[in-house]
Amino acid sequence: MPDRLIARRTFLARIGVLGAASAVGTAIPLTLPRTATAADADVLLKPLVDLLQPLLAELSRDTLSGLVVMTCPGPDRFSRAQGTPRSEPGAIEAGAPDFIINALDNFLPFPDQIATPLATALATALDDTGIPLPPSLHSLLLGQVNTLDQALMVILRNDQAVPLSLVVALLLNLLATQVNPLAVTGSLLSPFARLSLDEKCRAFELLEGPNADLLAVLDSNLPEPLTSSLAGLLQFLAGALLEFSAFGAHNEFAVFDPGTKELIERPVGWELSGYQPDGVVDGWNEFIGYYEDRTEVSA
Amino acid sequence: MRDVIVIGAGGGGPVVAKELAARGLDVLLLEAGPRHADPESEWTHLENDANNPLSGFLRFGPENRDAPAWYRETPQNSFIWQLSGVGGTTQHYFGNSPRAMAGVFAGYDGPDRDAYDTAHLFPFTYEDLVPYFEWVEATLPVQTAAMGTKESVFFRGCEGIGLPVQTSKTTTEDSFRPQENAILQPGGWAGKITGRDDPRLRFPEATGCTFCGYCMQGCSKPRGAPRNLAAKRSTDNSYVPMALTADVWADGGRPAELIADAYVTKIHSEQRGGETVATGVTWRVGATGEHHREDAAVVVLAGGCTEDPRLWLNSALPNPNGWVGRGYTDHFFDWVIGIFDDDTGSSRGAASAARADFPGRGGMENVGLTPGLQQFAATFSESGIRGHYANGRGPEGPWDGPAGRMIGPELKDALMNGIDRLLNVLVITDDDVEAQNRVTLSAFPADEHGPVPKVRFHQRQRSARTLANREFVARRAGEMLRAAGASKVVRVDWPPLLLHVQSSMRMGTSEEDSVLDANAEARWVKRLFIADNAALANSLGGPNPTLTAQALATRTAEKIFSRYFGGDGWVHREAPVVSTDTRISERLAELAL
């Protein structure tokens, strides 16, 4: 049992949950009563679940902030962390983290039949790669780790409560610590966000390619015939996450007033690219004639 | 009991509806998505509001934008970009209306006859289809594109690599030209002034294309124009208005009835005299969840290449040779970006008004985009991330470095150089019909309309001819951009972007590998016709498919009329009414349509 718990602690560190929870370590009960039934445990875990959910939301946001600056770095701390700071506004200023979280949680029609087993895999997977944890992640006692893990399972196994953004963030963090084990700890909340741009690209290479280790961890809970769909789905995700980050960092998402259907401010992407210098138009002085003055052709 | 029920008001369905309504038949046109009856108030020219494939007003999903888009399984790096709503995917298309290559039809005997997918030819000749091309070209109408800055740059590049200019509608050699576009040419002040809320840019001071640059966001320009005089001839602006007003412009015509938010979940059939015969449909009303059923003498399926096989399979219709959903072709697009030191006008004017064609190989066209979509296009790759990993690919050629998605500082610098200092080239491959690329039903649980489609593409195992064609055209695109003066050229190497999708319910010469006969009637279900891109026999040699699908749908309407309603064809003996006809505008105003 201690071996399993140690492996699980390593896994929780790799997906970023342990690091995020360490900040509130004193609020995590040492253990639950041995006699507690499953229903009792849920009640007893409720305060911890309530504490954990905003922490996980913050972990997601940090992870996805680390994602969107891949396509549009700026003057923010995530761009600095990846080693490509820029003086002009970037994805963070453009509101791209909110765009990608909103897209993943509210609009991407990702079937529960995949999302739920993925979440379950994250809830139960063990890590035996032997990544040594730095002393800062030992601040939680094993009993507390166990309690934290049970609370995480309550969240991940409740498919009503699991935002897809969280599942994606935990996946990216898992890949991040595969690329660079040292990313389990550092100045930002998320292991993925701690990577250099080179390392983030390597994480995407793993997601996009045939990553047997990742699939082995994730597909153990997928019923047939969905197992064969998982590899393809990860390839789709590897493409879509970057494409949607790029789209979200450069469109008008953050400055659109749906009530008036007008812009509140000039979008970052328009400013960067010099698009529509005077805003939306009804037409352009752009007609320069017909090639060789030909307005129609024969059959 | 209707005469005809048409499933789908996208690029093809409204063509049949309009033609048969004009003959006086009782036509019901059903559309799963919304109808945007007043784009001026319902649409914006903003790319997230319009084009977000998950939540935009031009997406593939129900009318209620708070509800998720409709999920389709794509178990590979790929993207399906189809639209629901009246007008379907033509709502955001660029109006490009080149004819198919003559070499993809039966009976072609030109010197390049072996250069095409000769195993999957159309079951009739090019000459057979020409009168239908002409009919659609006159109806929309299709016109030679006006030129803006980005076209002049594209033409300069084509001249620079020694291509001749094509001056006919039929392509006979490697050549470039202004697009033949279903976009009204600029008149009055259109294209001559820049502005917003300027009365000179309102109809009728301005007519036709105002060069606003928002083709992707649906066309409602010039402001104040009757719907049938909006510049871009998407079917919501052309064929649908004609179908709804057939009584005023056609002798004996009868207006078609259009019902939007009506998702067809089943095609009904019965056995008659040893044959399976289509008898009607059931649809689900999105707003209420209620189901309705109506019968018809003829059913026309035009839901799109992905949805047609899904509905067929969910209706348990016969599929004896297994070709329902197979042979899905997509022009295996690629994307090459030129970065210039001078103005290219990329974001201004019609999205694509210049092209070059390479018979037997494919073609290429210029495309101007808005910033978010520009960056989406630049990060959509099968070759990994440039400078980091190549995902087993990363081809090199007359572009800078290996192909792949730009990212980080390189991506940002490319855009900050100026969106109007870019020139994008869409590589359009003449790809082979391959049985392995197909639509099946997904193992994921059904949605409210039944089991959902799964689209499988074996993108790295396409035929040698398809792969060679793609490389040939990509190289020509790179050379053209260099000749036009690009200081940097990047090839992205797209995975399948599924928007020129074709032939998933193909017509063919052989019963072994086709679903439809030469009349576009299902071989194993009588009184059931297919009238969209799915009916096309092959990928046309590369040209954009809408015009050919519409010409074929016109021909199919004649076949339906002569076979089941005892009439004669009209294309060979009548002149078409143009969709901009004043009688249509006036009737639309009377009906507040």
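Below, each value reflects all heavy atoms present in this structure, side chains not excepted, and no hydrogens, waters or symmetry copies. Labels below follow one simple rule: chain letters A, B, ... track the order of the sequence lines, proteins then strands, and each chain is numbered from 1.
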So, the part of A:Arg86 with a heavy atom under 4.5 Å from chain B: the answer is side chain
Stepwise, does the salt bridge (Lys or Arg N to Asp or Glu O under 4.0 Å) test hold for B:Lys412 with A:Glu88?
-> CA-CA 10 Å; B:Lys412 195 173 190 188; A:Glu88 70 287 333; 2.8 Å; yes
For A:Thr84, is it the side chain, the backbone, both or neither that has a heavy atom under 4.5 Å from a heavy atom of chain B?
-> side chain
is_close_aromatic(A:Tyr291, B:Phe176), centroid dist under 6.0 Å | yes
Interchain contact, A:Ala299 with chain B, by part (heavy-atom threshold 4.5 Å) = both
Atom group of A:Phe99 that falls short of 4.5 Å from chain B, counting heavy atoms = side chain
Within 6.0 Å of CD in A:Glu296, more than 12 heavy atoms from elsewhere = no
Evaluate the side-chain proximity of B:Pro222 to A:Asp282: yes if any heavy-atom separation is below 4.5 Å, no if none is.
-> no
Applying side chain to side chain donor-acceptor pair (under 3.5 Å), run through A:Tyr275 and B:Gln374 and close with a yes or a no.
-> CA-CA 11 Å; A:Tyr275 177 66; B:Gln374 177 72 41; over 6 Å; no
Heavy atoms only, distances under 4.5 angstrom: which of B:Gln76, B:Arg348, B:Arg223 has the most pairs with chain A? Name it, please.
-> B:Arg348
Counting only N and O atoms by type, is there a donor-acceptor contact under 3.5 Å from the side chain of A:Glu243 to the main-chain atoms of B:Ala377?
-> no
Please determine, among B:Phe155, B:Phe79, B:Phe376, the option with the most heavy-atom pairs under 4.5 Å with chain A.
-> B:Phe376
Side chain, backbone, both or neither: which part of A:Phe256 has an atom under 4.5 Å from a heavy atom of chain B?
-> side chain
With a 4.5 angstrom heavy-atom cut-off, could you sort out which part of A:Gln82 is near chain B: side chain, backbone, both or neither?
-> neither
Partner chain A: residue of B:Gly195, B:Gly349, B:Ser347 with the largest heavy-atom pair count (under 4.5 Å) = B:Gly195
Answer with side chain, backbone, both or neither: which region of A:Glu271 has an atom nearer than 4.5 Å to a non-hydrogen atom of chain B?
-> neither
